[in-house]
Amino acid sequence: MSNYRPYLFPIVLFLLQILFTLIFGFYSGYEYFPVSNVTDFENPPRGLVEFYYSMFTDIHVMMFIGFGFLMTFLSHYSYSAIGFNFILCAFTVEWALIMRGFMFDWNVSEQKFLVDIQSLSTADFVSASILISMGAVLGQVSPLQLIIMSFMEVPLQVVNEWIGTHFLCASDAGESMFVHVFGAYFGLAVAFVLFHSKILDSTLEKSRYTSDLFSIIGTMFLFCFWPSFNAGTASGIERLYAITNTYVSICASVIGAFLMSTLVKKGKLDMIHIQNSTLAGGVAVGTVATSNIGLHGAMTIGTLAGMISVLGFHFLLPKLQRIRIHDTCGVNNLHGMPGLMAGITGIILVFSGNRSNFLDHLTDVCLSGGKQRTNNMQSAYQAAALGLTLCIAIVGGLITGAVLRLPIFVQNFENFEDESNWHLPEVGEAGEAGQPSDAGSLNKILDRRFSIIPVANMNKNMQRRFSVFPE
């Protein structure tokens, strides 16, 4: 009876791919606007490829390379981290194009949803939310469970954002609430339901020198391209605000992270802080990225975000396990708390008058007065959007976790171990083929190939840092 389980993953993918293909065939179309017809570059049309494509490519790199390599810090789980990130992101983009097409981009006259470059960018935003959730349960779920999680999470994320932007009319340019907060607390809710004690007992949940190096490559990609994420759908002076504010804020979070990491680690740095907390400024400034907050404001937000994120990793992360939440990548500290910080900053900024620019984006369908909404009312709806996001994310995550626990989706595998899901290369002590490697991951294979310094010639500190040599 259990022989069918290894084939559920490709079967589910095949059936869903057929479904998506049919939906695209019947209900999708292209939208293009020639640059020669543009009269107002301050507010370019969505179909203008030349305006939006460059930032779309930056966002795309963030999803597939940035997030992918960031998760390779586990020494025995590098294949799975980057491979599952690849398939999950590709699957989510397809599903998000469909869901956002029906919810946001439906063309009544043509009875189709039209796809343009901005549609691709916003689909990547949705995939970011799902990848954040993946980070919370990394190494704890099978690839089939990840696909089922994405299939259930995408509609909830899209509906939540649709309510938040169309009726509550909350402003969240950098998607800090609708993507980062949603993805983090959805993933933590799933992790809570899936928690079992053997996760805590695993000896494989650890990093190595080389796996940490691979991971910080992802950090560098995310750091460089984060301004495009926050400014991807903005135009005019708001795009300038978003790029500048994000760049200054994320640089400030690097300073804050290094500063606080040195303090809590008593004079030394912790690589997990540098891989993650240095990016917190990009999240924390997202909601107000397109606002005139001043460079001093962006720097303050980023510095505080970097410091708070480090404190979360150092003090809060171990305590979450006491309430049955195992946050593998620490998404609460990089996405959850900085995202909440961004939402709260947006609530406060509205009272500064026109500096927020939030009221400029109101429409007639907005609740409580439409375009005539006051600053006080806008602040209340910013808070309502943040609260609604938390509620839908947590409840949706709990339900999704319960579904993932159904016997049909449960598969036996070793947590944080590649070998359960991958055919691994065989490399012997001297590099000859045919001898099985005890690595179980890309990092061990690389470590064995490049371990050319005799361990006996190293001092104890070097042996501890380079604990990647064959026994």
Side-chain angles (χ1 to χ4, degrees), residues 8-9 12 16 67 70-71 74 77 80-81 84-85 87-89 91-92 95-96 99 126-161 177-200 202 205 276 312 316-337 339-340 388-416 420-421:
L8 276 178
F9 176 59
V12 169
L16 289 176
F67 276 101
L70 183 64
M71 296 188 203
L74 292 171
Y77 207 67
S80 299
F84 296 163
N85 181 92
I87 179 62
L88 190 65
C89 193
F91 173 84
T92 301
W95 187 212
M99 285 302 307
V126 178
S127 70
S129 188
I130 277 65
L131 295 178
I132 292 168
S133 299
M134 172 187 167
V137 296
L138 186 70
Q140 307 173 51
V141 293
S142 67
L144 173 62
Q145 288 174 311
L146 286 173
I147 294 298
I148 299 301
M149 183 185 76
S150 174
F151 187 73
M152 297 183 66
E153 184 176 359
V154 168
L156 294 174
Q157 194 279 337
V158 172
V159 169
N160 174 70
E161 185 168 353
M177 294 189 294
F178 299 133
V179 167
H180 296 282
V181 169
F182 188 94
Y185 292 105
F186 186 99
L188 292 175
V190 173
F192 174 78
V193 178
L194 297 181
F195 182 87
H196 48 83
S197 58
K198 76 173 186 177
I199 295 177
L200 301 181
S202 176
E205 190 186 5
N276 295 275
L316 188 58
L317 186 61
K319 290 180 171 57
L320 287 179
Q321 296 180 358
R322 299 179 186 176
I323 58 173
R324 299 176 60 83
I325 297 177
H326 186 277
D327 184 3
T328 305
C329 292
V331 299
N332 181 55
N333 311 301
L334 172 55
H335 304 280
M337 292 193 299
L340 291 174
L388 179 66
T389 298
L390 282 169
C391 290
I392 294 180
I394 294 172
V395 174
L398 293 174
I399 295 173
T400 301
V403 171
L404 298 183
R405 287 182 66 97
L406 294 176
I408 189 174
F409 298 130
V410 174
Q411 297 180 1
N412 292 323
F413 61 92
E414 181 73 25
N415 295 115
F416 315 114
S420 302
N421 295 292

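Fair warning: this is a prediction, and the values are worked out from it, not measured in the lab. One-based numbering along the sequence shown.
You'll find the side chain of V395 reaches within 4.5 Å of the side chain of I399, heavy atoms only. You'll find the side chain of M134 reaches within 4.5 Å of the side chain of M71, heavy atoms only. Looking at heavy atoms from C-beta onward, V12 lies out of side-chain contact with F151 at the 4.5 angstrom threshold. Using a 4.5 Å heavy-atom cutoff, the side chains of L316 and M337 are in contact. Proximity of I147 to L16: side-chain heavy atoms (C-beta onward) are separated by under 4.5 Å at one or more points. In this structure, N276 and L70 have side chains that are in contact, with non-hydrogen atoms separated by less than 4.5 Å. Looking at heavy atoms from C-beta onward, F91 lies out of side-chain contact with I130 at the 4.5 angstrom threshold. Looking only at side-chain heavy atoms (C-beta outward), C89 and L131 come within less than 4.5 Å of each other.
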Requested in this report: Could you please spell out the steps behind the side chain to side chain contact (heavy atoms under 4.5 Å, CB included) verdict for V193 and L404?
Outcome: CA-CA 9 Å; V193 178; L404 298 183; over 6 Å; no
Query raised in the report: So M149 and L146, side chain to side chain contact (heavy atoms under 4.5 Å, CB included) or not? Walk me through it.
Result: CA-CA 5 Å; M149 183 185 76; L146 286 173; 4.1 Å; yes
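We find the OG-CG distance between S80 and L138 to be 8.0 Å, quoted to the nearest 0.5 Å. Interatomic distance, CZ of F182 versus CG of L388, reported as 9.5 Å (0.5 Å rounding). We find the CD-OG1 distance between Q145 and T400 to be 12.0 Å, quoted to the nearest 0.5 Å. Summarising the geometry, atom CG belonging to N415 is positioned 8.0 Å from atom OH belonging to Y77; distances are rounded to the nearest 0.5 Å. With rounding to the nearest 0.5 Å, the separation of CZ in F9 from CG in N421 is 8.5 Å. Atom CE of M99 is separated from atom CG of L156 by 8.5 Å, given to the nearest 0.5 angstrom.
Considering every non-hydrogen atom in both S202 and F416, the closest pair reads OG-CD1, 3.5 Å. Scanning both residues, F67 and A128, for their nearest heavy atoms gives CE1-CB, 4.3 Å. Annotation for V403 and I148: closest pair CG1-CG2, 4.4 Å, computed over non-hydrogen atoms. Between L144 and I408, the closest heavy-atom pair is CD2-O, 4.5 Å.
Under a 3.5 Å cut-off, the side chain of Q321 and the backbone N or O of D327 do not form any donor-acceptor pair. In terms of modelled atom types and a separation under 3.5 Å, the side chain of Q157 and the main chain of F178 share a donor-acceptor contact.
No side-chain donor-acceptor contact under 3.5 Å links E205 and T328.
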What donor-acceptor contacts under 3.5 angstrom involve side-chain atoms of residues 183-191, with partners at least two apart or in another chain?
{"residue": "Y185", "atom": "OH", "partner": "N332", "partner atom": "OD1", "Å": "2.8"}

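For residues 129-139, every residue pair satisfying the side-chain hydrogen bond (donor to acceptor under 3.5 Å, both in side chains) rule, not counting sequence neighbours, is listed here: S133-E153.
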